[in-house]
Amino acid sequence: MDTLRELLIEEMRDIYHAEKQLVKALPKMVKAATSPKLKKGFEDHLAETKTQVGRIEQAFEALGQKAKTKVCKAMKGLLEEGEEIIQEKMESSVKDAALIAAAQKVEHYEIATYGTLCTWAKLIGEDGALKLLKQNIDEEEKTDAKLSKLAETSVNKAALA
């Protein structure tokens with residue numbers, strides 16, 4: 001890799017794989033959650049994540065590249081932690097709190113990655129890709145805020161009781 005553009009493409013392959021992994025993991029989180037609001041939040045984010053995968057594909061097209069994945073080891077590890085929580089025997093409200101924590105780790109990883117990708121796309125003047133990547137980061141930030149609010153207003157309080 002010799003250019004920032006090549007690095008952008010390589011890292012887009014990484015987040016593309018990450019989002020595809022998340023599409024497979026979210027249904028398990030929906031099933032494991034007991035809070036109706038948390039289940040709904042995970043279901044909504046699954047639909048959103050599928051749309052984000054499509055946007056990444058469009059961003060590759062905007063760059064004149066074929067959409068290809070590169071194994072995202074970070075997401076793989078984060079999702080393995082989530083799977084451990086799902087398998088763990090714990091009180092349901094405590095499990096919901098743990099699921100939110102796992103989901104927010106994922107969101108923060110995605111926000112960091114999309115932030116970097118947006119910076120690079122802007123620097124090299126790839127406005128088509130930038131617009132699509134910005135949509136994804138905006139959704140990730142909103143999801144993170146919703147998870148925080150849900151944790152603060154109900155799930156963590158239920159776990160405390």
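- Rounded to the nearest 0.5 Å, atoms CD (Glu80) and CE (Met75) are 12.5 Å apart.
- Hydrophobic clustering, with ILVMFWY side chains joined whenever heavy atoms are under 4.5 angstrom apart, groups Leu123 together with Met12.
- Using modelled atom types, one finds no donor on one side chain facing an acceptor on the other under 3.5 Å when comparing Glu11 with Thr113.
- Transitive grouping of hydrophobic side chains (ILVMFWY, heavy atoms separated by less than 4.5 Å) brings Val23 and Leu99 into a common cluster.
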- request: Apply side chain to side chain contact (heavy atoms under 4.5 Å, CB included) to Leu46 and Met29, showing your working.
  value: CA-CA 10 Å; Leu46 174 58; Met29 294 180 79; over 6 Å; no

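- Under the 3.5 Å distance criterion, the side-chain polar atoms of Glu88 are left unmatched by any main-chain donor or acceptor of Met90.
- Residues Thr143 and His45 share a closest heavy-atom pair of OG1-ND1, 3.2 Å.
- Here the straight-line distance linking atom CD of Glu43 with atom CG of Leu26 works out to 10.5 Å at 0.5 Å rounding.
- Scanning both residues, Asn156 and Glu152, for their nearest heavy atoms gives ND2-N, 4.4 Å.
- Rounding to the nearest 0.5 Å gives a distance of 11.5 Å between CG of Leu79 and CD of Glu84.
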Atom pairs and distances, side-chain donor-acceptor, residues 124-137, under 3.5 Å, sequence neighbours left out:
unit_1 : atom_1 : unit_2 : atom_2 : d
Glu126 : OE2    : Arg5   : NE     : 3.3
Asn136 : OD1    : Arg55  : NH1    : 2.6
Asn136 : ND2    : Gln52  : O      : 3.4
Asn136 : ND2    : Tyr114 : OH     : 3.1

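- For the pair Ala98 and Ile85, the tightest heavy-atom approach, listed with the atom from each and the gap, is O-CD1, 3.5 Å.
- For the salt bridge (Lys or Arg N to Asp or Glu O under 4.0 Å) condition, the pairs that include at least one residue of residues 96-109, sequence neighbours left out, are Glu81-Lys105.
- A salt bridge links Glu10 with Arg13: at least one charged nitrogen is closer than 4.0 Å to a carboxylate oxygen.
- For the side chain to side chain contact (heavy atoms under 4.5 Å, CB included) test with Glu6, the passing option among Thr3, Leu8, Ile9, Leu4 is Thr3; the others fail.
- A salt bridge links Asp44 to Lys40: at least one charged side-chain nitrogen sits closer than 4.0 Å to a carboxylate oxygen.
- A pairwise comparison of heavy atoms in Ser148 and Gln104 identifies OG-NE2, 2.8 Å as the closest pair.
- Taken to the nearest 0.5 Å, the CH2 atom of Trp120 stands 3.5 Å off from the CG atom of Leu7.
- Sorted by first then second residue, the side chain to side chain donor-acceptor pair (under 3.5 Å) pairs that include residues 57-73, not counting sequence neighbours, are Tyr16-Glu57.
- Heavy atoms only, all atoms of each residue included: Val155 and Ala97 are closest at CG1-N, 3.4 Å.
- Atom OG of Ser93 sits about 9.0 Å away from atom CG of Leu160, to the nearest 0.5 Å.
- Minimum heavy-atom separation, Lys157 to Thr153: CD-O, 3.9 Å.
- Using a distance-only test at 3.5 Å, with no hydrogens or angles considered, a donor-acceptor pair links the side chain of Lys95 to the main chain of Ile86.
- Residues Phe42 and Pro27 fail the side-chain proximity criterion, which asks for heavy atoms closer than 4.5 Å.
- Glu141 places no side-chain N or O within 3.5 Å of a backbone atom of Asp138 that could act as its donor or acceptor partner.
- The closest donor-acceptor contact from the side chain of Lys39 to the backbone of Val30 lies under 3.5 Å.
- For the side chain to side chain donor-acceptor pair (under 3.5 Å) with Gln21, the lone residue among His17, Glu19, Lys24 that qualifies is His17.
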